[in-house]
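Below, all heavy atoms of this structure are taken into account, side chains as well, without hydrogens, waters or symmetry copies. Numbered from 1 within each chain, the chains take letters A, B, ... in sequence-line order.
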There are 2 protein chains.
Amino acid sequence: MQTPLLKPAITAADRVLLEIQRAIVEGDITAGSKISEPELAKRFDLSRAPLREALARLERCHLIERIPNAGARVVKLSTQGLLSLYQLRETLEGLACRLAAEHMADSEISELRALLDQHLSTQRVREGESYYQEAGDLDFHYRVILGSKNEYLINILCDELYHLVRMYRVQLGMNGPRVSRAFDEHKAILNAIANRDGELADLLMRRHIAASRRNIEKQLEQTGT
Amino acid sequence: MQTPLLKPAITAADRVLLEIQRAIVEGDITAGSKISEPELAKRFDLSRAPLREALARLERCHLIERIPNAGARVVKLSTQGLLSLYQLRETLEGLACRLAAEHMADSEISELRALLDQHLSTQRVREGESYYQEAGDLDFHYRVILGSKNEYLINILCDELYHLVRMYRVQLGMNGPRVSRAFDEHKAILNAIANRDGELADLLMRRHIAASRRNIEKQLEQTGT
DNA sequence: TTTAGTCTTATTGTCGACAATATTGGCCTT
DNA sequence: AAGGCCAATATTGTCGACAATAAGACTAAA
């Protein structure tokens with residue numbers, strides 16, 4: 001059974017939302033640039049009404065910033081923003097792990113274990129191809145978050161912060177060599193969840209994200225400044 | 001200096017948002033009821049365009065739930081929802097306290113202390129009047145959250161979860177006798193922040209919110225079931 | 001030359017109407 | 001009589017145009 005949680009973009013506003021989201025995350029629309037409603041409407045060939053709906057949701061996930069009567073700008077990436085974002089992720093995904101250890105069904109856990117093994121093998125085949133690793137990493141986190149069974153937590157992490165995290169990763173070029181270590185950490189987290197040890201799962205996830213943050217920061221000070 | 005962080009509702013969509021928010025929180029629009037766009041548009045005497053903008057933001061703060069092409073319903077209160085919400089608040093406001101202990105300026109701390117003393121005195125005068133206590137309580141939490149200086153955290157707690165918390169409190173009739181104890185707990189939290197003891201502040205805030213949650217649960221099982 | 005003010009221009013916010021989709025009621029079939 | 005199918009209705013999604021506001025250019029005065 002495929003997870004039916006991602007609605008397949010029924011309305012036009014949904015479709016254009018996905019397109020713009022991708023464009024912003026991948027830097028196709030430059031960070032910090034001003035957004036022109038008429039221009040985007042023409043570019044995606046629809047009216048301003050659904051476009052504005054999409055912009056409202058983009059603001060919700062912190063990809064753009066709007067000022068009333070003034071317009072919208074694509075968010076600018078900053079060290080401060082990255083720090084704030086990962087601070088929050090540490091706490092929230094830690095909580096997600098603790099709750100997942102309580103609420104995940106045994107079947108979900110074994111599915112997740114299968115997924116990890118699968119990722120490991122495909123990763124061995126495609127060494128260096130960071131895209132798959134990235135997708136796999138996000139998938140793991142995604143499932144744990146869903147396993148928390150807390151609707152608000154799921155909404156915040158999967159709908160609101162998810163794309164911004166991806167934006168930082170993509171635009172800072174995170175193809176780092178942290179791949180194999182991340183796998184081990186995922187495995188350890190999963191074991192804690194399987195043992196219903198929420199406290200340990202929480203701790204391990206916080207460490208895992210902190211390590212990821214330090215990794216990005218290192219990348220940042222090499223590239224930038 | 002008054003905090004200029006709440007924009008004074010420039011646009012029509014902003015105004016109607018505030019009105020509908022209040023109406024939902026205070027039960028003027030029944031929980032679980034269906035929302036009719038034409039009806040609300042007529043009721044507030046504006047077009048559907050700004051109304052839909054308002055509805056989008058209401059969905060963002062979990063006061064309504066929308067289904068594409070089907071419509072929107074006011075959220076229903078449930079024990080499960082309350083639990084999820086307070087679970088999240090415990091963690092998030094705990095984090096806010098820890099960060100506030102790091103980032104709040106001394107001036108902000110003394111202002112907050114003054115505010116607490118003021119609340120205490122006015123509360124002694126107006127014993128039983130729960131409204132002021134409620135406002136004061138929210139104000140304290142609000143300031144601590146702002147003190148965290150984490151934009152994402154602030155956004156989540158103040159913009160997205162705040163009104164839902166109020167909705168639970170109002171509609172479950174929270175005028176409880178937890179008043180004086182809450183004051184003491186606030187004081188203790190503030191002291192920890194002033195001592196720059198983030199860990200303690202975190203712990204105390206989590207306990208504070210857990211106590212508040214148990215209080216509401218007790219209220220709930222008296223009223224409901 | 002700088003600065004203040006005004007006017008032009010462009011963008012956002014709002015409106016009413018149309019198109020597409022879901023819901024409701026009635027009708028027919030079994 | 002019950003259940004399913006279809007039409008009628010109502011509601012949502014989308015469109016193009018207008019109004020209100022902000023940004024930018026140009027002029028004029030210090």
Side-chain angles (χ1 to χ4, degrees), chain A residues 4-24 29-76 159, chain B residues 4-24 29-76 159:
Chain A
L5 284 179
L6 329 167
K7 311 156 195 169
I10 295 302
T11 181
D14 289 327
R15 280 192 294 274
V16 72
L17 168 67
L18 293 182
E19 293 196 60
I20 301 181
Q21 240 173 16
R22 189 208 54 76
I24 291 180
I29 299 179
T30 315
S33 65
K34 181 156 173 28
I35 283 190
S36 161
E37 291 186 6
E39 181 203 324
L40 279 188
K42 201 175 58 182
R43 175 168 163 185
F44 291 105
D45 194 48
L46 40 67
S47 166
R48 277 179 53 219
L51 178 70
R52 283 171 65 84
E53 169 98 22
L55 290 185
R57 298 197 203 166
L58 287 174
E59 184 183 22
R60 174 176 173 172
C61 52
H62 308 276
L63 291 183
I64 69 173
E65 288 168 354
R66 292 178 106 179
I67 300 174
N69 284 318
R73 308 192 73 87
V74 179
V75 75
K76 263 185 295 195
D159 295 343
Chain B
L5 283 178
L6 328 167
K7 311 156 194 170
I10 295 302
T11 180
D14 289 327
R15 280 193 293 274
V16 73
L17 168 67
L18 294 182
E19 293 197 61
I20 300 181
Q21 239 174 16
R22 189 207 55 76
I24 291 180
I29 299 179
T30 315
S33 65
K34 181 157 172 29
I35 283 190
S36 162
E37 291 187 5
E39 181 202 325
L40 279 188
K42 201 175 56 182
R43 175 167 163 185
F44 292 105
D45 193 48
L46 40 66
S47 166
R48 275 179 54 219
L51 178 71
R52 282 171 64 85
E53 169 98 23
L55 291 185
R57 299 198 202 166
L58 286 174
E59 184 184 23
R60 174 176 173 172
C61 52
H62 308 276
L63 290 183
I64 69 173
E65 288 169 353
R66 293 178 104 179
I67 301 173
N69 284 318
R73 309 192 71 87
V74 179
V75 74
K76 263 185 296 193
D159 296 344

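In this structure, the CG atom of A:Asp45 is 12 Å from the C1' atom of D:dC15, given to the nearest Å. One can place CG of A:Leu51 at 12 Å from P of C:dG13, the figure rounded to the nearest angstrom. Spacing between atom CG of B:Asn69 and atom P of D:dT9 amounts to 21 Å, rounded to whole angstrom units. Between the CZ atom of B:Arg48 and the P atom of C:dA19 there is a distance of 15 Å, rounded to whole Å. For the pair A:Arg52 CZ and C:dT11 P, the interatomic distance rounds to 14 Å; values are reported in whole Å. Here D:dT12 presents its P atom at 13 Å from CD of A:Glu53, a figure rounded to the nearest Å. A straight line from CZ of B:Phe44 to P of C:dG13 spans 21 Å, rounded to a whole angstrom. Atom CD1 of A:Ile10 and atom P of C:dT21 are 10 Å apart (whole Å).
The minimum heavy-atom distance between A:Ala41 and A:Arg48, with the atom names listed, is CB-CG, 4.1 Å. Of all heavy-atom pairs spanning B:Leu17 and B:Ala54, the tightest one is CD1-O, 3.7 Å. Between B:Ile20 and B:Ile29, the shortest heavy-atom contact is CG2-CD1, 4.3 Å.
Salt bridge status for B:Glu19 with B:Arg15: absent, with no side-chain N to carboxylate O gap under 4.0 Å.
Nearest-nucleotide positions on DNA chain D place A:Ala49 closer to the 5' end than the other of A:Ala70 and A:Ala49.
Side-chain atoms of A:Leu46 and A:Leu51, non-hydrogen and from C-beta on, do get closer than 4.5 Å to each other.
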Assess whether side chain to side chain contact (heavy atoms under 4.5 Å, CB included) is satisfied between B:Leu40 and B:Val16, documenting all intermediate values.
-> CA-CA 10 Å; B:Leu40 279 188; B:Val16 73; over 6 Å; no

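A heavy atom closer than 4.0 Å to some atom of DNA chain C occurs in A:Ile35, A:Glu37, A:Pro38, these being the qualifying members of residues 35-42 of chain A.
Closest contact between the side chain of B:Thr11 and the listed nucleotides C:dG13, D:dC15, C:dG16 involves C:dG13.
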